[in-house]
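Structure first, commentary second.
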Amino acid sequence: MQHLDDVKGKEIVPGLYGRFVHGDSITLSFVDIQQGARLPEHSHPHEQITYIMEGELEMVIGGEKMLLTPGMVHVIPGNVPHSAYARTAVKVLDAFSPVREDYMIH
């Protein structure tokens, strides 16, 4: 058991800083996003569930543009292209299955 503040993090892309907790089949990702930061379009085989804790995040998911605000949740199927732009400072909780091995910090 550990406190989230003690979990070592890393910068995903400029302006997006994540802390990751890995289980056997799931990764939880706690991400702080600076206002104006962009996550370029990408896809991955992992199913992703995104929950907006704070702020406003514009996302384009599978070609559909949407605005996610606090309390909203969205499921992104594996291999679906998506991107994001932070209208404000944003705090996001993402869950990925299977585990995001590329987010493991050694």
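Bear in mind that the values here come from a model prediction, so they are computed numbers and not experimental data.
Expressed to the nearest 0.5 Å, how far CD1 of Ile52 lies from OG1 of Thr69 amounts to 8.0 Å. Atom CG of Leu68 and atom CD1 of Ile61 lie 6.0 Å apart (nearest 0.5 Å). For the atom pair Leu67 CG and Leu57 CG, the distance stands at 8.0 Å (nearest 0.5 Å). Interatomic distance, CD of Glu54 versus OG1 of Thr88, reported as 9.0 Å (0.5 Å rounding). One finds the OG1 atom of Thr27 at 9.5 Å from the OH atom of Tyr103 (value rounded to the nearest 0.5 Å). The structure places CG of Leu39 at 7.0 Å from CE of Met59, a figure rounded to the nearest 0.5 Å.
Leu93 and Ile76 end up in different hydrophobic clusters when Ile, Leu, Val, Met, Phe, Trp and Tyr side chains are linked at under 4.5 Å.
Between Pro70 and Gly55 the shortest heavy-atom distance is CD-O, 3.1 Å. Pairing each heavy atom of Val7 with each of Phe20, the nearest pair is CG1-O, 3.5 Å.
Residue-environment remark: CG (Asp5) exceeds the threshold of 12 foreign heavy atoms within 6.0 Å. Environment of CD in Gln34: sparse, with no more than 12 heavy atoms of neighbouring residues, nucleotides or ligands closer than 6.0 Å.
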Inset, instruction - Test His44 against Phe96 for ring pair (Phe, Tyr, Trp, His ring centres under 6.0 Å), laying out the working first. - result: CA-CA 10 Å; His44 42 74; Phe96 296 95; 5.5 Å; yes

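Between Glu56 and Arg87 there is a salt bridge, since at least one side-chain N of the basic residue sits less than 4.0 Å from a carboxylate O of the acidic one. Remark: Asp94 does not engage Arg100 in a salt bridge, criterion side-chain N to carboxylate O under 4.0 Å.
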